[in-house]
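Basis for what follows: all heavy atoms, side chains included, without hydrogens, waters or symmetry-related copies. Counting starts at 1 for both ligands and their atoms, following the listed order.
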Amino acid sequence: MTGQVRVALGDRGYDILIGGGLLERAGEFIARVRKPRRVFVVTDANVAGSHLPRLEGGLRAAGIAASAIVRPPGEGAKTWDGLGELLNAVLDGRPERGDMLLALGGGVVGDMTGVAASLLLRGLDFVQCPTTLLAQVDSSVGGKTGVNTRHGKNLIGAFHQPRLVLCDLDALDTLGPRELRAGYAETVKYGLIDMPDFFAWCEANAAALLAGDRAARAHAVKIACEAKARIVAEDERETGARALLNLGHTFGHALEAELGYGPELLHGEAVALGMRQAFDFSVRAGLCPPADAARVRAHLAACGLPVALPDSRRWDADRLVGHMGHDKKTRDGKVTFILARGIGKSFVARDAEIGDVRAMLETECAA
Ligand code: GLY
């Protein structure tokens with residue numbers, strides 16, 4: 001194991017383990033927390049082929065019985081109906097209170113498994129085994145769970161913390177370049193929020209990380225998990241600082257909603273574009289030095305992440321602003337944005353002028 005990070009939430013606290021070969025030892029690590037009679041492994045059809053045998057072997061080696069539930073892959077599966085199917089699939093196996101759920105996959109699998117764990121038998125323990133970079137650096141940590149509705153992303157869900165997170169770096173070797181880049185957007189986000197030194201590290205090391213450098217990946221996942229653990233421990237229910245993790249998300253979710261959460265723009269890609277927009281908007285608002293926004297744009301573009309609206313369609317600023325109004329970050333009818341006074345100087349803005357946001361988007365849509 002190359003890294004261990006504690007999420008300090010009292011008796012609901014847990015460890016994030018980072019390293020290679022962790023799935024093969026999953027049973028050993030789970031048993032150190034609490035040895036369950038049985039684990040229901042939730043995964044998707046893509047991940048199952050690459051990683052399920054390793055994990056099942058790791059559970060068996062520790063004497064833990066495993067039942068696998070293989071779901072369809074993709075954000076389109078993260079629905080109320082999909083959740084109902086998952087709940088019934090677990091119930092078909094007659095779970096008992098001491099059993100656990102385990103999410104083996106990316107953010108979709110992790111979010112859905114978390115909701116299911118929060119509901120089944122009024123709450124079962126669950127373990128996160130994230131297999132994408134995005135899930136390792138963000139969605140598997142912190143206990144946010146959710147499914148999408150036609151009104152927006154993750155509008156149904158609960159805070160339900162996992163008992164353990166296993167970030168197996170071997171899993172990253174099986175990702176395609178686009179999925180890796182999308183996860184990298186959520187990684188570099190921590191530098192933009194409040195760690196300018198980490199952003200500088202990212203500028204110097206992103207190419208190696210994306211090309212497969214194990215040490216760079218281990219370092220980035222550890223720094224990201226430490227940052228996330230710190231913020232979640234400070235503000236588990238997102239009444240304050242945790243909102244900073246939504247940098248790029250108000251802009252990005254609007255793009256995703258407009259595209260129907262389809263494959264044209266992956267979540268991490270939407271976040272990258274959204275972070276670029278958040279920095280450019282901060283410049284327009286006189287908050288951020290233009291040179292910092294230019295540096296953000298240049299770095300994201302150099303990593304192959306989108307920084308301009310996809311030209312596959314005619315974009316409409318009013319529609320994008322309309323989607324922002326449905327975001328669950330809306331309070332008292334005001335949309336919350338994460339803006340920046342510079343790289344590593346992000347803050348929560350609850351009073352941004354939506355007319356100014358629309359004006360910037362109109363310019364972008366007309367381009
Ligand atoms: N992904 C943002 C959060 O966990 O708060």
Inset, instruction - Using a strict cut-off of less than 4.0 Å between a Lys/Arg side-chain nitrogen and an Asp/Glu carboxylate oxygen, indicate whether Arg54 and Asp168 qualify as a salt bridge. - result: yes
Legend entry - Phe251/His323 aromatic ring centres below 6.0 Å: no
Legend entry - Distance from atom 5 (O) of ligand 1 to nearest protein heavy atom, with residue and atom: Arg242 NE, 2.7 Å
Inset, instruction - Pick whichever of Val137, Leu245, Asp138 has a heavy atom sitting closest to atom 1 (N) of ligand 1. - result: Asp138
Legend entry - pair Val232-Phe159: side-chain heavy atoms closer than 4.5 Å: no
Legend entry - Within 45° cone and under 6.0 Å: Arg163 NZ/CZ vs Phe126 ring: no
Inset, instruction - Examine ligand 1 and decide if any of its atoms is less than 4.0 Å from a heavy atom belonging to Lys228. - result: yes
